[in-house]
Participant: 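After the C-alpha cells below, expect a handful of questions from me.
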Amino acid sequence: MEFIFATHNLHKSEEVSAILGPDYHIKNLREIGCPEIPETADTLQGNALQKAQYVFDHYHVNCFADDTGLEVEALDGRPGVYSARYAGEGCSYQDNVLKMLEEMRGVTNRKACFRTVIALIMDGKRYFFEGRVEGKILTEQHGVDGFGYDPIFKPLGFRQTFAEMSSSAKNAISHRGRAMQQLKEFLDEINSSR
Ligand code: IMP
C-alpha cells in the first residue's frame, strides 16, 4: 500500500516507515515537491486534518498527517496546539524549553502530557488516531538527544528524559509512536482482508 505522509521532516518520515514496515510505501512532501502546508486550526485534530486534506485535494492519493502538542496541567493545557511556536513565531526548540522552564519556575504541579493526533484519508474517507504519554516537566534540562521539549520531559514510570533515551526506546512509549502503532494496526487489518 502506498501513502503520502504530509511532512517535510525526514526524521519523522523515516520513523513512520520503520514503524509501518515493508508492506507500506511512504512518500513525504519533499519527495513529491509539495510546498509547506498551512496549519491554522486551533486543535491538533484540526491541523492534522488540514494537512491530510490539502494533500488529498491536490494529489488525490491515500495520505495521512500528524500534529503534536505538549499539554501542561498547571498551564491549563498550554502550549498544546501552539507547542512549536510557544516562545514566538520562528523560535527555536531551545527558546521553547527556556520559556517553559521560566514559566514553570516554582510551580509544584509539573504534570504534563504529549498528545499526537493522526488524520488518515483513505479511499476518500477520514479516520483519526491518537497517542499520548503522561509525564512531568523537570526543573532543568537533562540529555542531548531527540528534539523539542525532550530534555525537560520525563515520561511517567521512567528515570530518564526523552532526551536521554535511545530513539527506539522513546518511540516504543512516545505519543507519536503510540499513534503510529494504532495507524499500523488499522492498516494491517485492511491489508489482511484485501
Ligand atoms: P509537530 O506537530 O510534530 O510538528 O510538533 C509540534 C511541536 O511539538 C514541535 O515543534 C516540538 O516543539 C513539540 N514536539 C513534538 N513532538 C515532540 C517530541 O517527541 N518531543 C519533544 N517535543 C516534541
Side-chain angles (χ1 to χ4, degrees), residues 5-19 26 28-30 34 36-55 63-72 75 77-104 110 112-120 128-138 141-156 158 160-181 183:
F5 179 23
T7 184
H8 284 93
N9 183 327
L10 296 182
H11 173 82
K12 266 198 204 174
S13 64
E14 276 163 20
E15 185 180 303
V16 77
S17 294
I19 292 172
I26 309 298
N28 62 51
L29 297 183
R30 286 172 195 252
C34 176
E36 205 66 52
I37 302 174
E39 292 181 44
T40 54
D42 58 5
T43 60
L44 299 176
Q45 177 162 336
N47 271 341
L49 182 60
Q50 189 176 11
K51 289 184 277 185
Q53 193 70 49
Y54 180 99
V55 172
C63 56
F64 59 90
D66 73 336
D67 200 38
T68 294
L70 174 63
E71 300 175 341
V72 180
L75 304 180
R78 280 193 299 116
V81 71
Y82 305 108
S83 295
R85 48 204 148 114
Y86 171 51
E89 220 49 67
C91 66
S92 67
Y93 290 142
Q94 191 59 18
D95 294 335
N96 283 336
V97 165
L98 294 177
K99 176 165 179 187
M100 180 60 70
L101 288 175
E102 186 54 37
E103 205 173 356
M104 291 293 283
R110 308 202 65 95
C113 93
F114 269 115
R115 202 157 63 84
T116 294
V117 174
I118 295 175
L120 166 73
F128 294 95
F129 307 90
E130 184 177 312
R132 56 191 291 146
V133 57
E134 310 284 341
K136 66 181 201 176
I137 303 295
L138 300 187
Q141 303 189 54
H142 293 272
V144 293
D145 290 334
F147 70 101
Y149 299 88
D150 280 351
I152 54 169
F153 184 84
K154 190 171 78 64
L156 198 66
F158 292 81
Q160 298 167 308
T161 64
F162 271 164
E164 293 173 301
M165 295 182 171
S166 66
S167 58
S168 58
K170 179 186 163 188
N171 291 343
I173 58 157
S174 81
H175 42 299
R176 197 169 23 259
R178 286 175 172 161
M180 293 295 175
Q181 203 56 48
L183 172 69

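Being a predicted model, the structure only gives us computed values, none of them experimental. Quick note: numbers below take in every heavy atom, side chains included, and nothing from hydrogens, waters or symmetry partners. Whatever order the structure lists them in is the order used to number ligands and atoms, beginning at 1.
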Participant: Donor-acceptor pair, distance only, cut-off 3.5 Å: does the side chain of Thr161 make one with the backbone of His142?
Facilitator: yes
Participant: Show the atoms of ligand 1 that are less than 4.0 angstrom away from any heavy atom in Lys170.
Facilitator: 18 (C), 19 (O), 20 (N)
Participant: Under the 3.5 angstrom rule, does the side chain of Arg110 hit a backbone N or O of Ile137 as a donor-acceptor pair?
Facilitator: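 Present.
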Participant: Which residue supplies the protein heavy atom nearest to atom 8 (O) of ligand 1, what is that atom called, and how far is it?
Facilitator: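 The answer is Ser83 CB, 3.6 Å.
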Participant: Determine the interplanar angle of the Phe114 and His175 rings, folded into 0 to 90°, and report it as parallel if under 30°, tilted if 30 to 60°, perpendicular if over 60°.
Facilitator: parallel
Participant: Identify, for atom 15 (C) of ligand 1, the protein heavy atom at the shortest distance, and state residue, atom and that distance.
Facilitator: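 Checked against all protein heavy atoms, atom 15 (C) of ligand 1 sits closest to Thr68 CG2, 3.4 Å.
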Participant: Do me a favour and list the nearest non-hydrogen protein atom to atom 7 (C) of ligand 1 with residue, atom name and distance?
Facilitator: Ala84 N, 3.8 Å
Participant: How does Phe114 reach ligand 1, by side chain, by backbone, by both or by neither, if only non-hydrogen atoms under 4.0 Å count?
Facilitator: side chain
Participant: Evaluating non-hydrogen atoms only, which member of His11, Arg176, Met100 is closest to atom 16 (N) of ligand 1?
Facilitator: Arg176
Participant: Which ligand 1 atoms are under 4.0 Å away from a heavy-atom of Asp67?
Facilitator: 2 (O)
Participant: Quick check: Lys51 and ligand 1, any N/O pair under 3.5 Å apart?
Facilitator: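 No, no N or O pair falls under 3.5 Å.
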Participant: What residue and atom, counting heavy atoms only, is the protein's closest point to atom 12 (O) of ligand 1, and at what distance?
Facilitator: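 Answer for atom 12 (O) of ligand 1: Tyr149 CE1, 3.3 Å.
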Participant: Which atoms of ligand 1 are found less than 4.0 Å from any heavy atom of Lys12?
Facilitator: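 Matching atoms, with element in brackets: 1 (P), 3 (O), 4 (O).
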Participant: First locate atom NZ of Lys12, then atom CG of Asp66, and finally report the distance between them rounded to the nearest 0.5 Å.
Facilitator: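 Result: 3.5 Å between the selected atoms.
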Participant: Closer than 3.5 angstrom, by distance alone: can the side chain of Asn28 be matched with the main-chain N or O of His8 as a donor-acceptor pair?
Facilitator: no
Participant: Applying a 4.0 Å heavy-atom criterion (strictly less than), which segment of Tyr93 is in contact with ligand 1: side chain, backbone, both, or neither?
Facilitator: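 Side chain only.
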Participant: Does Gln45 reach the main-chain N or O of Val117 with its side chain, forming a donor-acceptor pair under 3.5 Å?
Facilitator: no
Participant: Can you find a side-chain donor-acceptor pair between Asp95 and Ser92 that sits under 3.5 Å?
Facilitator: yes
Participant: Identify which of Val133, Leu70, Asp150 has a heavy atom lying nearest to atom 21 (C) of ligand 1.
Facilitator: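 The nearest heavy atom belongs to Asp150.
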Participant: What are the atoms of ligand 1, with element, lying closer than 4.0 Å to any heavy atom of His175?
Facilitator: 16 (N), 17 (C), 18 (C), 19 (O)
Participant: How about Phe162 and Ile173: do any of their side-chain heavy atoms sit closer than 4.5 Å?
Facilitator: yes
Participant: What's the shortest distance from atom 17 (C) of ligand 1 to any protein heavy atom, and which residue and atom give it?
Facilitator: Phe147 CZ, 3.3 Å
Participant: According to the interplanar angle, ranging from 0 to 90°, do the rings of Tyr149 and Tyr86 count as parallel (below 30°), tilted (30 to 60°) or perpendicular (above 60°)?
Facilitator: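 Tilted, since the angle between the ring planes falls between 30° and 60°.
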